Enquirer: 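One structure, pasted below without further comment.
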Protein chains: 2
Amino acid sequence: MSDDDGTQDVRDASVDVIQRELTAFARRARAAAARVHPEIPLVSYTLLAHIEERRGCRATDLAAHYLLDKSTVSRQLAGLEKLGLVERRPAPDDHRVQVLHPTEAGSKVLATAQANRRAAYQERLADWSAEDLDRFAAYLLRYNAAGTADLPDAPSA
Amino acid sequence: MSDDDGTQDVRDASVDVIQRELTAFARRARAAAARVHPEIPLVSYTLLAHIEERRGCRATDLAAHYLLDKSTVSRQLAGLEKLGLVERRPAPDDHRVQVLHPTEAGSKVLATAQANRRAAYQERLADWSAEDLDRFAAYLLRYNAAGTADLPDAPSA
DNA sequence: CCGCGTCAGTTGTATAGTACAACGGTTCGT
DNA sequence: ACGAACCGTTGTACTATACAACTGACGCGG
């Protein structure tokens with residue numbers, strides 16, 4: 001307990017707001033995503049985007065990145081493959097791993113979904129100044145970076 | 001496209017980052033919540049918090065606020081009641097509605113969960129300056145307010 | 001007062017998304 | 001060559017969710 005000033009109260013209040021608003025956002029995110037791109041099975045969008053971005057990544061990488069169980073990723077991938085949006089190829093050097101690539105259809109679907117999402121975000125953020133957008137983006141980056149630092153399982157300890 | 005200036009590019013880049021980071025956050029939120037308060041059935045935490053905050057609210061209010069189907073709310077509430085965390089009482093003047101109140105156990109569980117969440121957030125935001133926290137909080141408020149504008153949650157009445 | 005439209009909530013059914021555990025195949029270190 | 005570690009799949013179960021059909025309670029126009 002510092003006796004110098006009441007700065008801590010201000011910090012607490014801000015943290016409270018951040019907690020509450022982030023929670024509210026998370027609660028609504030699913031419904032919102034369903035409205036923006038109803039076609040692509042939802043979560044798969046995220047995985048597909050990651051696959052596109054990091055071509056040749058493995059299922060395990062996705063699981064680690066998104067804190068998902070490997071079985072979950074496996075099924076999501078199966079769905080994506082059935083839809084013809086990703087290809088799973090065994091790595092030549094290691095037969096355990098599958099190298100993931102978007103198909104052409106996958107890239108196309110992803111581009112459409114991204115365009116929709118982007119339009120939705122831009123509409124929502126239309127009346128923000130460039131400076132505010134920049135700062136908000138920076139804050140989110142910083143927040144998420146903090147969270148993923150200890151992420152690699154943060155297991156027992 | 002417009003030939004007036006390049007400010008649009010900067011805006012687009014920021015919006016992209018915001019979109020991506022918010023999505024990443026949403027994807028991880030569930031797993032994170034499960035770690036922070038594994039006891040309380042997860043989503044119910046949010047509803048319970050809302051019930052606590054707005055004592056005497058109705059199931060329909062919750063559904064509207066969180067964009068949930070009333071059946072979903074009904075079941076969540078049933079679970080919460082079975083756990084002895086909320087009470088559902090018929091309104092005296094209108095027998096259709098149920099007035100919701102947290103039980104004592106509910107308030108206690110909620111307080112614990114909130115303390116845990118709060119601690120987690122504070123740890124994560126420990127090295128942020130008070131000014132940054134304040135601004136981040138303000139941005140999140142602004143962002144969410146835009147999304148809820150059309151929701152029947154801010155009743156003029 | 002009666003019937004009909006409306007509102008609140010519940011229940012049936014179906015679907016994602018997820019985890020955990022058990023398993024099969026692969027690779028590597030000793 | 002054996003066993004540990006690793007990658008992915010499959011079986012099972014549970015939560016969260018939606019939509020639709022239904023029950024019960026209001027409330028209004030006749």
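We name chains A, B, ... by the order of the sequence lines, and we start the count at 1 in each one. As the structure is a computational prediction, the values presented were derived from the model and not from experiment.
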Enquirer: Starting at atom NZ of A:Lys82, determine the distance to atom P of C:dA16, rounded to an integer number of angstrom.
Expert: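 Rounding to the nearest Å, NZ of A:Lys82 and P of C:dA16 are 9 Å apart.
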
Enquirer: Which nucleotide sits closest to the side chain of A:Val97: D:dG8, C:dT26, D:dC26?
Expert: D:dG8

Enquirer: Taking B:Ser44 for its side chain and B:Leu80 for its backbone only, find out whether a donor-acceptor pair lies under 3.5 Å.
Expert: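 Answer holds: no.
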
Enquirer: Separation of B:Asp94 atom CG from C:dT6 atom P, in whole Å?
Expert: 17 Å

Enquirer: Only one of A:Ile51, A:Val109, A:Leu85 forms a side chain to side chain contact (heavy atoms under 4.5 Å, CB included) with A:Pro102, so which one is it?
Expert: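 Checked A:Ile51, A:Val109, A:Leu85 against A:Pro102; only one passes side chain to side chain contact (heavy atoms under 4.5 Å, CB included): A:Ile51.
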
Enquirer: Ignoring backbone atoms, establish whether A:Arg88 has a side-chain N or O less than 4.0 Å from OP1 or OP2 of D:dC7.
Expert: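 No, no such contact exists.
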
Enquirer: Can you say whether the rings of A:Phe136 and B:Tyr139 are parallel (under 30°), tilted (30 to 60°) or perpendicular (over 60°)?
Expert: tilted

Enquirer: Under 4.0 Å between a side-chain N or O of B:Gln98 and OP1 or OP2 of C:dA8?
Expert: no

Enquirer: Using a cut-off of less than 4.0 Å, is there contact between a side-chain N or O of A:Thr72 and OP1 or OP2 of C:dT18?
Expert: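 No, because none of the side-chain N or O atoms of A:Thr72 sits under 4.0 Å from OP1 or OP2 of C:dT18.
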
Enquirer: Which of these nucleotides, C:dG9, D:dT10, D:dA16, is closest to any side-chain atom of B:Gln76?
Expert: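 Taking heavy atoms from C-beta onward, the closest nucleotide is D:dA16.
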
Enquirer: Starting at the 5' end of DNA chain D and moving along, which residue's nearest nucleotide shows up first, B:Arg75 or B:Lys70?
Expert: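 The 5'-side residue here is B:Arg75.
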
Enquirer: For D:dG8, does OP1 or OP2 lie under 4.0 Å from any side-chain N or O of A:Thr60?
Expert: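 So the side chain of A:Thr60 is within the cut-off, an N or O lying under 4.0 Å from OP1 or OP2 of D:dG8.
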
Enquirer: Atom CG of B:Leu67 to atom C1' of D:dC19: distance rounded to whole Å?
Expert: 16 Å

Enquirer: In whole angstroms, how far is the P atom of D:dT9 from the CG atom of A:Asp69?
Expert: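 Atom-to-atom, A:Asp69 to D:dT9, this comes out as 12 Å.
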
Enquirer: Measuring to OP1 and OP2 of D:dT17, would you say a side-chain N or O of A:Arg27 lies under 4.0 angstrom away?
Expert: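 Checking D:dT17 against A:Arg27, a side-chain N or O does come within under 4.0 Å of OP1 or OP2.
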
Enquirer: With side chains defined as the heavy atoms from C-beta onward, is the minimum distance between B:Leu62 and B:Leu68 less than 4.5 Å?
Expert: no

Enquirer: Kindly say if B:Ser74 contacts the phosphate of C:dG9, meaning a side-chain N or O under 4.0 Å from OP1 or OP2.
Expert: no

Enquirer: Can you tell me how far P of C:dG17 sits from CG of A:Leu68, to the nearest Å?
Expert: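 Going from CG in A:Leu68 over to P in C:dG17 covers 11 Å.
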
Enquirer: Does a side-chain N or O of B:Arg58 approach OP1 or OP2 of C:dA8 to a distance below 4.0 Å, or not?
Expert: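 Indeed, a polar side-chain atom of B:Arg58 lies that close.
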
Enquirer: With a 3.5 Å distance limit and no angle check, can you tell me whether A:Arg11 reaches the backbone of B:Ala126 through a side-chain donor-acceptor pair?
Expert: yes

Enquirer: Under 3.5 Å, is there an N or O donor on one side and an acceptor on the other linking the side chain of A:Arg96 and the base of D:dC6?
Expert: yes

Enquirer: Mind calculating the distance between CG (A:Leu62) and P (C:dA19) to the nearest angstrom?
Expert: 13 Å

